[in-house]
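Quick note on labels: first sequence line is chain A, next is B, and so on, each numbered from 1. Only this structure's heavy atoms are used, side chains among them; waters, hydrogens and symmetry mates stay out. None of the values given here were measured: they were computed from a predicted structure.
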Number of protein chains: 2
Amino acid sequence: MRIGELSRRTGVPVPTIKYYLREGLLPAGELTSPNQASYGEGHERRLRLVRALLEVGGLSVAAIGEVLAAVDDKDGPVHELLGAAATRLVPEFGDGGRGGGREADSRAGGDGGGAPDAETVLARDRVARLIEARGWRIEPGNKAAEALVAALASLARVGHGGFVDLLDDYAEAAERVGRTDLDYVARRVAREDLVEAVVVGTVLGDAVFAALRRMAQVDASAQMFGEEAPRA
Amino acid sequence: MRIGELSRRTGVPVPTIKYYLREGLLPAGELTSPNQASYGEGHERRLRLVRALLEVGGLSVAAIGEVLAAVDDKDGPVHELLGAAATRLVPEFGDGGRGGGREADSRAGGDGGGAPDAETVLARDRVARLIEARGWRIEPGNKAAEALVAALASLARVGHGGFVDLLDDYAEAAERVGRTDLDYVARRVAREDLVEAVVVGTVLGDAVFAALRRMAQVDASAQMFGEEAPRA
DNA sequence: CATGAATGGATAGCGATGCTGTCCGCTATC
DNA sequence: GATAGCGGACAGCATCGCTATCCATTCATG
């Protein structure tokens, strides 16, 4: 298959595919002539994956590049591989995914740098206690944990420090979902499939859960405030 | 307080604050002279909220504008208000939140437009059955439900149609979290606080849950693959 | 084997986004 | 009255995700 058909099948414009090739999101096609390449089903699959991570997952092109590099990296123990893949998916959500890298000038940001503020210290302590209480085997400095710290600190700064009271419920639900995820992932046999499942499950799973949470909220809100039936 | 102190307190550069003022994310300060304004605690609070939605929530400036308009809108029944606020928070996650608005040229996108593809049709059906089974009171065409449809269709397209098997578990967890959220929200008395709680809870709650899910996955993965203790 | 469309590859440009920098005339404060 | 900061307007900038243009080559078709 040549680039035109790849484009037709996936709905992605040819110049965009070329762009992804340049950025390394898509491996080069097999050259049949000095300037003629052919693409296979793997390319199509990969391309769809890229689009899904972009459109549904909200990852940046650069982030997708890193993640896919991890997917294609065939070394290391499985657990670490999964951890690496999952870890790389965090920051996109941790800092909003847009723009990026301006941390030096936000004194109240309280994230990485030098002098953590009061909210961050408290949040870090709370997270540590949560991990302890749950018995989670998480290495200190884990990026997801750091993202959680940042989110909690942010909540506190916004005057919603009370939100931490919900943490246990959230954690309970997350644990359930996390187990489910792992079961799903564990069905894979080939290592590459496995890592891909982690990526897909993590990124699109976030979107799925977020949507479900909104729906559940709407229902809960209907129950609580709109005693009359909805206008359906 | 003048703009300089507002900047010092929040860590947001003065020109950025001016920019937010221009964009309507922040109400104008009270003019004490033709060219001298003073800002209060409300401004500081609002500014922190804006930054949190931007950095942790990943919302665009434009989206924040709309959401804040909803927060400040004091009419309409509570339930609808909540729905409106929550609804406005969906698309950011549904399409990745970046760039945006290019749906006409992606034939395989399967979202809004004219001819929904097979994956979308199946996903829509699955979602309808889920809502039915759960007894959720959700109006047809709800944006969160549409986002879920899009995410499931995307999963199918990527070859992870099997992911739908996890839906019930996800929904169960989401329901739990949704109830928790509503309890939290219901503590508010003033209507404005209430809507703000919805916004904060929804947006930052996503970040919190996503982080917790990653952590739970790491733990589950450790249990499953790394029988030896982690290198802590 | 001539012709037109498509290809691979390279480079430049575009539109949106989230700021940032500069300038102005004014004001508050010392 | 000097100096710092202010509000307001507007132009500019860096990043991102494409998109457009160009070129020589190759393929499909008659």
Are any non-hydrogen side-chain atoms of Leu152(B) and Leu148(B) less than 4.5 angstrom apart? yes
Just wondering, are more than 12 heavy atoms of other shown residues or ligands nearer than 6.0 Å to CD in Glu30(A)? no
With respect to the side chain of Ser33(B), which nucleotide from dT26(D), dG8(D), dT27(C) is positioned closest? dT27(C)
Is the phosphate of dG17(D) approached by Thr16(A) (side-chain N or O, under 4.0 Å from OP1 or OP2)? no
In the strands shown, is dC30(C) matched to any nucleotide by a Watson-Crick or G-U wobble pair with both distances under 3.5 Å, and which? dG1(D)
Minimum-distance pair of heavy atoms, taken over all atoms of Arg124(A) and Val149(A): CA-CG2, 3.8 Å
Interatomic distance, Ile3(B) CD1 vs dA9(D) C1' [rounded to whole Å]: 13 Å
Roughly, in whole Å, what's the span from CG in Leu21(A) to P in dT19(D)? 15 Å
What integer distance in Å separates Leu31(A):CG from dA24(D):C1'? 15 Å
Between Tyr19(A) (OH) and dT15(D) (C1'), how many Å, whole number? 10 Å
Return no unless some side-chain N or O of Tyr20(A) is found under 4.0 Å from OP1 or OP2 of dC18(D). yes
Steps toward salt bridge (Lys or Arg N to Asp or Glu O under 4.0 Å) verdict (Arg214(A), Asp206(B)): CA-CA 10 Å; Arg214(A) 301 280 191 295; Asp206(B) 274 343; 2.7 Å; yes
Expressed in angstrom and rounded to an integer, what is the separation of Ile17(B) atom CD1 from dG21(C) atom C1'? 16 Å
Nearest listed nucleotide, side chain of Lys18(A), among dC18(D), dG21(C), dG8(C): dG8(C)
Pro15(B), nearest nucleotide to its side chain (from dG9(C), dG7(D), dG21(C)): dG21(C)
Glu23(B) has an atom CD; how far is it from atom P of dC19(C), in whole Å? 10 Å
Which nucleotide in the set dT26(D), dT20(C), dG7(D) lies at the smallest distance from any side-chain heavy atom of Asn35(B)? dG7(D)
In whole Å, what is the span from the CE atom of Met1(B) to the P atom of dG5(D)? 17 Å
Rounding to an integer number of Å, can you tell me how far Glu5(B) CD sits from dG5(D) P? 13 Å
Which residue, Arg22(A) or Ser38(A), contacts DNA chain C at a nucleotide closer to its 5' end, judged by nearest heavy atom? Ser38(A)
Of Arg2(A) and Gln36(B), whose nearest nucleotide on DNA chain D comes first from the 5' end? Gln36(B)
Strictly below 4.0 Å, N to O, side chains only: are Arg45(A) and Glu196(A) in salt-bridge contact? yes
